[in-house]
> 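What follows is a single structure, and I will ask about it in a moment.
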Amino acid sequence: MARRNEEVEALLREYADLVAITGGDAFKARAYEKAARAIGGYPADVSALDAEGLREIPNVGRSIAEKVAEYLRTGRMAVVEERRAMIPAGVRELISIPALGPKKALRLYEDLHISSVDELAAAIEADALADLKGFGEKTQENIRHGIELLRRAGARVPLPSALDTAEEIVAELSGVTGCRRCAYAGSLRRMRETVGDLDVLVAAERSARFMEALCELPVTAEVVARGTKKTSVRTGKGLQVDLRVVPPESWGAAMQYFTGSKAHNIRTRTIAVHLGLKLSEYGLFDAESGESVASRTEDEVYARLGLPWIPPTLREDRGEIEAALRGELPEVVTERDVRGDLHTHTDLTDGLASLEAMVEAAAERGYAYYAVTDHAPDLYMQRMTEEKILAQRERVRELDGTRRRMRLLHGTELNIGPEGEVDWPAEFLAGFDLCVASLHSHFDLSREAMTRRLVRACENPYVDVIGHPTTRLIGRRPGVDADWDEVFAACARTGTALEVNSQPDRLDLRDEDILRAKAYGVKFAVNTDAHAVPHLGQLRYGVATAQRGWLTRDDVVNTWPLTRLRRFLRRPGRS
DNA sequence: GCCGTTTTCGGCCCGACTGTTTTCAGTCG
């Protein structure tokens with residue numbers, strides 16, 4: 001369920017954007033952004049705090065605390081509403097276009113009265129920007145491309161936001177009298193990286209109460225269609241929700257049918273036909289007699305088709321049917337299998353929480369080990385020094401084993417330079433228990449140069465894991481261009497793991513790339529890259545992505561016992 | 001607007017890159 005922290009975070013971010021667009025003090029906008037981040041990353045629920053309690057949160061001072069308290073009390077924040085009245089909502093939408101910031105957005109609005117992405121696209125099409133200062137040919141082309149990127153992801157919703165909405169709806173409908181079962185299905189159950197609409201299923205004898213309940217939920221903004229078997233609504237954020245109510249005896253067949261994917265369903269239905277059966281959302285039936293042969297559980301339906309139950313994350317018709325028929329379905333990694341996180345930050349660099357707070361929260365998750373990997377100095381903005389990281393190492397050693405006997409690894413997140421070089425010399429790197437190395441700049445090298453760069457990083461004996469390997473941001477930035485087959489081969493050859501980064505806007509590597517890399521014998525690390533305590537919980541997205549890439553425990557180094565992991569993190573010159 | 005082991009004022013992650021405004025503004029990480 002969504003905490004109010006996320007609501008407040010979104011509101012403060014909106015205010016920060018509006019301040020930036022209306023040309024307010026840039027530092028003020030930054031202050032609101034920092035406060036938004038801090039509240040989103042704050043472990044406790046803000047709705048339990050008053051203004052004084054709110055001020056305990058770093059980067060929340062008197063003014064912001066009062067505004068947040070006002071919002072929590074009244075559901076409104078006056079200053080936000082004032083700014084909203086000055087600037088149409090569509091203008092803020094403009095700055096979500098990569099390459100377009102607040103200054104250009106305001107110019108477009110003031111000079112050409114453009115106040116939506118659609119209007120901007122039309123204006124570029126009509127060559128209406130030609131005389132606008134600061135909008136040369138290249139800039140226009142960049143904006144055009146940015147709009148394309150935005151639209152490609154546009155209609156789909158990020159996984160966490162879809163999951164929050166779905167869980168809220170399932171919780172509400174589960175409480176309605178007569179509810180026998182309630183769950184979400186569709187691409188959300190398959191944990192695709194973005195979700196187009198929500199499919200919610202209810203098993204009950206009568207449907208009317210559920211249809212009514214859905215239409216009256218607080219998240220429902222608009223009723224699209226309302227019937228006895230199916231009702232569709234749209235949420236305030238524009239996400240369509242389809243509710244299906246089925247008889248309890250059809251539950252398994254309905255879950256199977258509505259989970260999909262379409263391609264997977266076509267395969268299962270074809271198998272049914274060959275067996276003289278017919279598969280629908282109501283059950284598996286004998287084609288001639290029409291008699292039901294299976295429908296109560298998914299297990300039962302798959303079994304009658306001669307298949308084991310297939311995890312939803314595998315149902316994409318990427319070979320899972322064939323593997324299942326051969327009895328070779330992988331036993332995919334689960335969140336419970338993960339023994340530790342190998343990529344996390346603290347407030348020594350750009351994290352929000354102290355080392356102690358992160359370690360405490362990790363221990364509470366029941367981890368056997370946990371790595372602290374703050375940024376290295378080549379990411380200038382983090383102001384890292386040898387002294388600072390050595391002091392941190394000392395503290396890590398002190399804390400090692402003191403929280404639920406969780407073992408601590410001291411690491412760093414290195415920057416892979418344009419030539420594949422990293423921040424520190426070998427003798428200094430040798431002091432770390434592990435090194436993650438990631439791209440943070442120079443994303444537009446040629447394919448050859450990018451490949452060489454990544455391969456060199458793999459060949460560095462101190463680099464154990466390549467962090468967020470493609471550096472894509474879902475819907476905002478494509479991954480870097482490289483010959484990935486060559487990179488995967490290098491990872492396998494050098495024993496360098498690839499990260500499956502769990503941040504929901506990264507999910508990097510993504511499922512298809514994982515499948516390809518796995519074929520080379522590459523090992524993986526499913527990490528959160530947490531910058532705050534609540535981020536540790538984002539592991540579920542990384543694990544789901546790993547599942548979608550068919551990874552087993554053996555493929556994922558941070559499911560291994562510490563002794564095996566330490567052998568993998570070989571330190572040259574140390575036995 | 002926030003913050004303080006130099007500071008209650010005067011800083012604020014700071015440098016790279018890009019395109020275009022021929023000396024710099026805007027965007028990004």
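Quick note on labels: first sequence line is chain A, next is B, and so on, each numbered from 1. Treat the numbers as computed from the prediction; the structure is a model and nothing was measured.
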> For A/Glu56, enumerate each residue passing the salt bridge (Lys or Arg N to Asp or Glu O under 4.0 Å) test, keeping only those at least two apart in sequence or located in another chain.
none
> If we take the P atom in both B/dT20 and B/dG15, what is their distance in whole Å?
26 Å
> Which distance, rounded to the nearest 0.5 Å, do you find between the CG of A/Asp400 and the CZ of A/Arg395?
11.5 Å
> Has A/Arg30 got a side-chain N or O lying under 4.0 Å from the OP1 or OP2 atom of B/dC13?
yes
> Could you run down nucleotides 18-28 of chain B 5' to 3' and tag each one B, S or - for protein heavy-atom contact under 4.0 Å?
SSSB----SSS
> For A/Phe27 and B/dC12, do the ring centres fall under 5.5 Å apart while the planes stay under 30° apart?
yes
> Please determine, for B/dA16, whether a Watson-Crick or G-U wobble partner exists with both distances under 3.5 Å, and give it or none.
B/dT27
> Can you tell me the distance, in whole Å, between the CG atom of A/Leu54 and the C1' atom of B/dC2?
15 Å
> Could you check how far CG of A/Asn415 sits from C1' of B/dG15, rounded to whole Å?
13 Å
> Under 4.0 Å between a side-chain N/O of A/Lys67 and OP1 or OP2 of B/dG1, yes or no?
yes
> Rounded to whole Å, how long is the line connecting atom NE2 of A/His531 with atom C1' of B/dG29?
11 Å
> Between atom CG in A/Asp25 and atom P in B/dG10, what is the gap in whole Å?
15 Å
> In chain order, what residues pass the salt bridge (Lys or Arg N to Asp or Glu O under 4.0 Å) check against A/Arg477, with sequence neighbours excluded?
none
> For A/Lys34 and B/dG11, give me the distance from atom NZ to atom P, rounded to whole Å.
15 Å
> Rounded to whole Å, how long is the line connecting atom CG of A/Asp529 with atom C1' of B/dG29?
13 Å
> Could you tell me how far apart A/His442 (NE2) and B/dG15 (C1') are, to the nearest whole angstrom?
11 Å
> Mind checking side-chain hydrogen bond (donor to acceptor under 3.5 Å, both in side chains) for A/Glu141 and listing every partner two or more places apart, or none if nothing turns up?
A/Arg144
> What's the CG-P distance between A/Leu379 and B/dC17, to the nearest Å?
14 Å
> B/dA16 and B/dT21: how far apart are their P atoms, nearest whole angstrom?
24 Å
> Sticking with atom P, work out how far B/dC2 lies from B/dT6, rounded to a whole angstrom.
23 Å
> If a pair satisfies ring pair (Phe, Tyr, Trp, His ring centres under 6.0 Å) and one of its residues is in residues 63-118 of chain A, list it, with sequence neighbours excluded.
none
> Please check: side-chain N/O of A/Asn558 versus main-chain N/O of A/Val526, any donor-acceptor pairing under 3.5 Å?
yes
> Applying salt bridge (Lys or Arg N to Asp or Glu O under 4.0 Å), name anything that partners A/Asp464, two or more places apart in sequence or on another chain.
A/Arg570, A/Arg571
